[in-house]
Amino acid sequence: MASDDRWLERLRLELAWFTGQAMLRSRGAGAILRFQRVRPRRRGFQPLREHEITPQFLDRAIRALKRWKYDFLGMDEVCRRAVTLPEKRRFVALTFDGTSKDLISVAYPVLARHAVPFTVYVPTAFPDGVGEAWWLGLEQVIARESRIDLMMGEKEQRFTVADTAGKLALFSYLESWLRSLPPADVSAAIADLCTRYRIDLAALSREASMDWEDLARLAADPLVTIASATVNYPVLANMKNSAALREMTMGKAVAESAFNREIRHFAFPFGDRASFRRSHVVMAEEAGFASAASTIPGIVEAEGRTNLRALPRIPWDGRVRSLRMLRVLVSGAAFAPVRSTGSATSQT
């Protein structure tokens, strides 16, 4: 069913391109693109392929956006344009979630060559070497094993997967289950799974993440905005409000201490509709963030019509390499106007 939905969405976007909607019905001030990993295309079991793009596609996308006369902005300027009168040229902002090592080794050379600004949302436990990239542990276990046992709640469950399709379905099922748990339960469940199948999750997480030295190199570039994504990258909706606010304020404080600068921008971990609530939008303002980004698709409107603490972003699906679709998406023609979530929309 999910693959059918993706096919229909792709068809809808292709039709929008061929009917000229991207050129004739552009609206909004601009768009924020969200990426996670940038690395060469791989073969084999890849349940997280939708979160990856190649450096070649990143290069092509930047060249295309320049050709289409988009202004590339950092998040401070995005916030300014979101509350002022519309400008003639539309903007695009490039954002990267997490501290994946390939951002510095693979993506940064492309971004620096094009001299475009971009934003990195940092969950501070990962450069500290104590973050748990549980999704990578889950991926490794399922890639290696054909029979998997684990505790789900108080019951032992057994899964047998004989082919890639079965492994992909199992990954999707277990990822959704883990995303539904409180953070402590996620840690317990993934620790149990990785211990059973001899996966060193701590080493895997450290190897996949930038350290503070890598981030300091990015922070020294005036085109790079360092932003926050909590400490541990939990699903805030599964936490008590006090714990969620602590994650937000501590992530900000640690990053400000590390970089000796104000951290003005924030991204909700995972960022989909199920991962945060209206109360977290209010918390972002209380914590002192000028903006908070989601992964709810949409474009940014001008004149204060988009809530700065619930900014829409377009999460790019790395399985798609169509510049036509990119143009339709950043034009805003594919999206309904974003409804306010009820928090202040002006800059702090």
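Given the structure is predicted, the values throughout are model-derived calculations rather than measurements. All values below come from the heavy atoms of this structure, side chains included, with hydrogens, waters and symmetry mates left out.
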Enquirer: Just wondering, more than 12 heavy atoms not from E207 lying within 6.0 Å of its CD?
Expert: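 For E207, atom CD is not crowded (no more than 12 foreign heavy atoms under 6.0 Å).
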
Enquirer: If the test is side-chain hydrogen bond (donor to acceptor under 3.5 Å, both in side chains), which one of T225, D76, T119 qualifies with H265?
Expert: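 Answer to the side-chain hydrogen bond (donor to acceptor under 3.5 Å, both in side chains) test with H265 among T225, D76, T119: D76.
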
Enquirer: How long is the span from the CH2 atom in W68 to the OG atom in S331, to the nearest 0.5 Å?
Expert: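 Reported value, rounded in 0.5 Å steps: 9.5 Å.
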
Enquirer: Assess the pair W135 and F171: is the distance between their ring centroids shorter than 6.0 Å?
Expert: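 For W135 and F171, the ring centres are not under 6.0 Å apart.
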
Enquirer: How far apart are the closest heavy atoms of F72 and I62, and which atoms are they?
Expert: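 Nearest heavy atoms, F72 then I62: CZ-O, 3.8 Å.
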
Enquirer: Mind checking side-chain contact (heavy atoms from CB on, under 4.5 Å) for A165 and listing every partner two or more places apart, or none if nothing turns up?
Expert: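 Counting only residues at least two positions away or on another chain, A165 forms a side-chain contact (heavy atoms from CB on, under 4.5 Å) with D163.
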
Enquirer: For A208, is there any backbone N or O sitting under 3.5 Å from a side-chain donor or acceptor partner on K101?
Expert: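 The answer is no, because no donor-acceptor pair under 3.5 Å joins these two groups.
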
Enquirer: What do you reckon, is CE of M250 surrounded by more than 12 foreign heavy atoms closer than 6.0 Å?
Expert: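 12 or below, so no.
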
Enquirer: Give me the one residue out of K88, K66, R81 that meets side chain to side chain contact (heavy atoms under 4.5 Å, CB included) with D71.
Expert: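 Result for side chain to side chain contact (heavy atoms under 4.5 Å, CB included) with D71: R81.
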
Enquirer: Could you tell me whether R309 sits above the aromatic face of F289, with NZ or CZ closer than 6.0 angstrom to the six-membered ring centre and within 45 degrees of the axis?
Expert: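 Cation-pi check for R309 and F289: fails.
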
Enquirer: Mark yes or no for whether E301, through its side chain, and T306, through its backbone, hold a donor-acceptor pair below 3.5 Å.
Expert: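 Side chain of E301 to backbone of T306: no pair is present.
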
Enquirer: Give a yes or no answer on whether the side chain of T295 reaches the backbone of G271 with a donor-acceptor pair at less than 3.5 Å.
Expert: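 Indeed, once roles are kept as given, a pair shorter than 3.5 Å links the two residues.
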
Enquirer: What are the two closest heavy atoms between I226 and A219, and how far apart are they?
Expert: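 So the two residues come closest at CG1-CB, 3.9 Å.
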
Enquirer: Is there a donor-acceptor pair under 3.5 Å between the side chain of R264 and the backbone N or O of S291?
Expert: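 Between the backbone of S291 and the side chain of R264 there is no qualifying donor-acceptor contact (under 3.5 Å).
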
Enquirer: Checking D59 against R113 for the salt bridge (Lys or Arg N to Asp or Glu O under 4.0 Å) test, could you report, in this order, the C-alpha distance in whole Å, the side-chain angles of both residues, the deciding distance, and whether it holds?
Expert: CA-CA 9 Å; D59 178 75; R113 185 168 66 248; 3.4 Å; yes

Enquirer: Would you say the side-chain atoms of R37 and S100 include a donor-acceptor pair closer than 3.5 Å?
Expert: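 Judged by distance alone, the side chains do pair up.
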
Enquirer: For residues A237 and A274, report the shortest heavy-atom separation together with the two atoms involved.
Expert: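 Looking at all heavy atoms of both residues, the closest pair is CB-O, 3.4 Å.
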
Enquirer: List the atom of G298, the atom of I314, and the distance in Å for their closest heavy-atom pair.
Expert: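 In this case the closest contact between G298 and I314 is O-CG1, 3.6 Å.
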
Enquirer: Is any side-chain N of the basic residue among R89 and E87 closer than 4.0 Å to the acidic one's carboxylate O?
Expert: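 A salt bridge is absent here (no side-chain N lies under 4.0 Å from a carboxylate O).
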
Enquirer: Output yes when R217 and E213 qualify as a salt bridge under the 4.0 Å nitrogen-oxygen rule, no when they do not.
Expert: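 Answer for the salt bridge query: no.
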
Enquirer: Show the nearest heavy-atom pair for residues N238 and P183, with the distance to one decimal.
Expert: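 That closest heavy-atom pairing would be O-CD, 4.1 Å.
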
Enquirer: Is there a donor-acceptor pair closer than 3.5 Å between any side-chain N or O of S294 and the backbone N or O of L311?
Expert: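 Yes; at least one donor-acceptor contact below 3.5 Å.
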
Enquirer: Is the closest side-chain donor-acceptor distance between D192 and T195 under 3.5 Å?
Expert: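 D192 vs T195: no donor-acceptor pair found between side chains.
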
Enquirer: Would you give the length of the straight line joining atom CZ of F118 to atom CG of L103, rounded to the nearest 0.5 angstrom?
Expert: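 These two atoms lie 5.5 Å from each other.
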
Enquirer: Could you check whether atom CZ of R198 has more than 12 heavy atoms from other residues, nucleotides or ligands sitting under 6.0 Å from it?
Expert: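 No, the 6.0 Å shell around CZ holds no more than 12 heavy atoms from other groups.
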
Enquirer: So, for F126 and Y233, is the gap between ring centers shorter than 6.0 Å?
Expert: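 No; Y233 has its ring centre 6.0 Å or more from that of F126.
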
Enquirer: Using every non-hydrogen atom in the two residues, find where L236 and A244 come nearest and quote the distance to one decimal.
Expert: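 Closest heavy-atom pair between L236 and A244: CD2-CB, 4.0 Å.
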
Enquirer: For E77 and R80, run salt bridge (Lys or Arg N to Asp or Glu O under 4.0 Å): C-alpha distance rounded to whole Å, both residues' side-chain angles, the deciding distance at 0.1 Å, then the answer.
Expert: CA-CA 5 Å; E77 183 64 10; R80 188 192 71 79; 2.7 Å; yes

Enquirer: Show your reasoning for whether salt bridge (Lys or Arg N to Asp or Glu O under 4.0 Å) applies to E139 and R144.
Expert: CA-CA 9 Å; E139 179 184 30; R144 285 181 6 185; over 6 Å; no

Enquirer: Within the distance-only criterion (no hydrogens, no angle test), does the side chain of R319 pair as donor or acceptor with the backbone N or O of H51 below 3.5 angstrom?
Expert: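 No, because the side chain of R319 does not come within donor-acceptor range (under 3.5 Å) of the backbone of H51.
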
Enquirer: Can you check side chain to side chain donor-acceptor pair (under 3.5 Å) on T95 and R313, steps first, answer last?
Expert: CA-CA 9 Å; T95 66; R313 285 190 295 169; 3.0 Å; yes

Enquirer: Donor-acceptor check, side chain of D200 to backbone of A203, threshold 3.5 angstrom: yes or no?
Expert: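 Side chain of D200 to backbone of A203, a donor-acceptor pair under 3.5 Å: yes, one is there.
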
Enquirer: Could you measure the distance from the CE atom of M283 to the CZ atom of F276? Nearest 0.5 Å is fine.
Expert: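 The distance works out to 12.5 Å.
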
Enquirer: Any chance the side chains of N232 and E132 put a donor and an acceptor closer than 3.5 Å?
Expert: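 Not at all, the side chains of N232 and E132 share no donor-acceptor pair under 3.5 Å.
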
Enquirer: Side chains of T54 and R39: donor-acceptor distance under 3.5 Å anywhere?
Expert: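 Distance-only check fails for T54 and R39.
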
Enquirer: With a 3.5 Å distance limit and no angle check, can you tell me whether D102 reaches the backbone of V38 through a side-chain donor-acceptor pair?
Expert: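 Judged by distance alone, yes, a pair lies under 3.5 Å.
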
Enquirer: Measure the acute angle between the ring planes of F96 and F35, then classify it against the limits of 30° and 60° as parallel, tilted or perpendicular.
Expert: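 Geometry flag for F35 against F96: tilted rings.
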
Enquirer: What distance do R34 atom CZ and Q36 atom CD have between them, rounded to the nearest 0.5 Å?
Expert: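 Going from the CZ atom of R34 to the CD atom of Q36 covers 3.5 Å.
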
Enquirer: With distance as the sole test, does H114 use its side chain to make a donor-acceptor pair with the main-chain N or O of L111 at under 3.5 Å?
Expert: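 No.
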
Enquirer: Has S176 got a side-chain atom pairing as donor or acceptor with S172's backbone, closer than 3.5 angstrom?
Expert: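 Judged by distance alone, yes, a pair lies under 3.5 Å.
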
